[in-house]
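What follows is a single structure, written as structure tokens, with notes after it.
Given the structure is predicted, the values throughout are model-derived calculations rather than measurements. Note that these values count all heavy atoms, side chains included, but never hydrogens, waters or copies made by symmetry. Naming convention: chains lettered A, B, ... in sequence-line order (proteins, then strands); numbering from 1 in each chain.
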2 protein chains.
Amino acid sequence: MKQEQKSELTRQLILNESFNLFYKHGFKATSVDKIMNATNLTKGAFYHHYNSKKELGLAVISSNLQKRVVDGMITPLHQKGDALKLLEDIFSTRLKSFSLEEKQHGCPMNNLINEIADTEVAYQVALKAIIDKWTTALIELIERGKTENTIKKDISSKAVAIYLISAFEGVRGIRKLYDDDLILNQYISGLSFYLKQLRA
Amino acid sequence: MKQEQKSELTRQLILNESFNLFYKHGFKATSVDKIMNATNLTKGAFYHHYNSKKELGLAVISSNLQKRVVDGMITPLHQKGDALKLLEDIFSTRLKSFSLEEKQHGCPMNNLINEIADTEVAYQVALKAIIDKWTTALIELIERGKTENTIKKDISSKAVAIYLISAFEGVRGIRKLYDDDLILNQYISGLSFYLKQLRA
DNA sequence: TCAAAAACATACCGACTAGTATTTTTTATT
DNA sequence: AATAAAAAATACTAGTCGGTATGTTTTTGA
């Protein structure tokens, strides 16, 4: 195999195992040793491809984490159809589709935001980039709804976007405390009412 | 000084310094050594009063953390006056009143929820107790609004409570990513619209 | 084929971790 | 004042942490 390909493959392996371990045990609680143990490689390999754990954290955020949010929450926003219905579908369907593990461990992005965003500006910037992307896409869809006369024109698209994201990330944290989905159903019910009120 | 009083004073000192350090640097990143350094006492004193770091964590949650939420978000709910106005005041006023540090470091409870709630059932239970208290108090106020005909009767009080808490905790995390209050203003605007729609 | 470079392995470093064992100091009781 | 008990200090353990230095193996290009 070509050297470059092999390198890329190793980096991807490290990234994926890191993402999983960061998600399950948190960033600080996951050591480089544990990550490399999961890859069946050694520390020497790690520090050949990355200069520090911090650099790895940033790479996980801007590749794995970003892709996850884009695929799950942003790309679906570009579908055709009634804007409000789309919003309700995406936010509630995604929540319902989560595995038990994903419910217990919450949102990988929100976890990182709350664990490490206030320890390093670099983490802040990387995570902000994802939230900004998400916000922008939401605003676009809400604006479309306004031009199509399905969404009230006197509300702030950005305020709605922020409120939607906040509630979604918030409930994914709170769900960690419970061992059933009641709280998610309450959230969905609350979301549903909220979106209804936005209809023109 | 009486022995019992001194003991209690020391425990309080440890609890308060722990809360501050957990808040600023996270639970895992705060070692027992660092805590005891902040108290100007030694490790021997710590393990005389607490059996483990985990026990300390639980004590911080059910004393400092609980008190903070009760004082800041629950007790104010029992005031007289229009229920919806009360809700808007409490959720937005509190947000605006936060210091720069409190904006940068987010919500102490939400931080812990996202950092350690999925690592130990005991943490889950302790944190859940706070959220349940908060939810119950919110539901009571919303129910009062219904009986006073200021809040629509066909909405689920619990769903509204959960949605309010979720959005509040969510935005406190997201605010960490930014260095200004724009996001908070967007949230407040979103909240304001949401509450308006609940009015009977 | 051969040397340079890249990929990875091994062994190690000093700093830090939660927790323990033991001793000294302070307080309370008689 | 003597004694016991509580509070706190000191010194330590075995293990983990991120990171480095230096090997060995594999791949590459001439």
Over all strands shown, is A/Thr39 touching base, sugar-phosphate only, or nothing at heavy-atom distances under 4.0 angstrom?
nothing
Residue pair A/Ala29/A/Gly44 against DNA chain D: nearer the 5' end by closest nucleotide is A/Ala29
For the pair made of CG in A/Leu41 and C1' in D/dT25, what is the distance, rounded to whole Å?
14 Å
Looking at A/Lys34, I'd like to know whether one of its side-chain N or O atoms comes within less than 4.0 Å of OP1 or OP2 on D/dC17.
yes
Go through C/dA7, C/dT10, C/dA18 for me and flag the one nearest to the B/Lys43 side chain.
C/dA18
A side-chain contact here means heavy atoms from C-beta on lying under 4.5 Å apart; do A/Leu191 and A/Leu95 qualify?
no
Measuring to OP1 and OP2 of C/dC8, would you say a side-chain N or O of A/His48 lies under 4.0 angstrom away?
no
Which nucleotide in the set D/dG18, D/dA7, C/dA18 lies at the smallest distance from any side-chain heavy atom of B/Ser31?
C/dA18
Quick one: A/Leu13 CG to C/dC8 C1', roughly how many Å, whole number?
13 Å
Looking at every strand, decide which applies to A/Lys54 at a 4.0 Å heavy-atom threshold: base, sugar-phosphate, or nothing.
nothing
Atom-to-atom span, NE2 of A/His25 to C1' of D/dC17 - whole angstrom:
16 Å
I need the CD-P distance between B/Glu8 and C/dT27, as an integer number of Å.
17 Å
Contact under 4.0 Å: A/Thr42 side-chain N or O vs C/dT10 OP1/OP2:
no
Aromatic ring centroids of B/Phe27 and B/Tyr123 under 6.0 Å?
yes
Look at the side-chain N and O atoms of B/Thr10 and state whether any lies under 4.0 Å from the OP1 or OP2 oxygen of D/dA8.
yes
Rounded to the Å, how far apart are A/Met36 CE and C/dA7 P?
13 Å
Passing candidate, side-chain contact (heavy atoms from CB on, under 4.5 Å) with B/Leu13, options B/Thr39, B/Ile35, B/Asn40:
B/Thr39
Quick one: is C/dA18 close enough that its OP1 or OP2 comes under 4.0 Å of any side-chain N or O from B/Ser52?
no
Salt-bridge present (A/Glu169, A/Arg172; N to O < 4.0 Å):
no
Among D/dG18, C/dA9, C/dA18, which is the nearest nucleotide to the side chain of A/Val32?
D/dG18
Could you check which of D/dA7, D/dA9, C/dC8 has an atom nearest any side-chain atom of A/Lys6?
C/dC8
Nucleotide D/dA5, atom C1' - distance to NE2 of B/His49 in whole Å:
14 Å
When you measure only distances, ignoring hydrogens and angles, does the side chain of A/Lys53 come within 3.5 Å of the base of D/dG19 through a donor and an acceptor?
no
What is the distance, rounded to the nearest whole Å, between atom NZ of A/Lys28 and atom P of C/dT17?
12 Å
Would you say the rings of B/Tyr163 and A/Phe193 are close, in the sense that their centroids are separated by under 6.0 Å?
no
Kindly indicate, with the supporting measurements, whether the criterion side-chain contact (heavy atoms from CB on, under 4.5 Å) is fulfilled by B/Leu164 and B/Leu195.
CA-CA 9 Å; B/Leu164 283 172; B/Leu195 290 174; 4.1 Å; yes
Value in whole Å for how far the P atom of D/dA6 lies from CZ of B/Arg11
13 Å
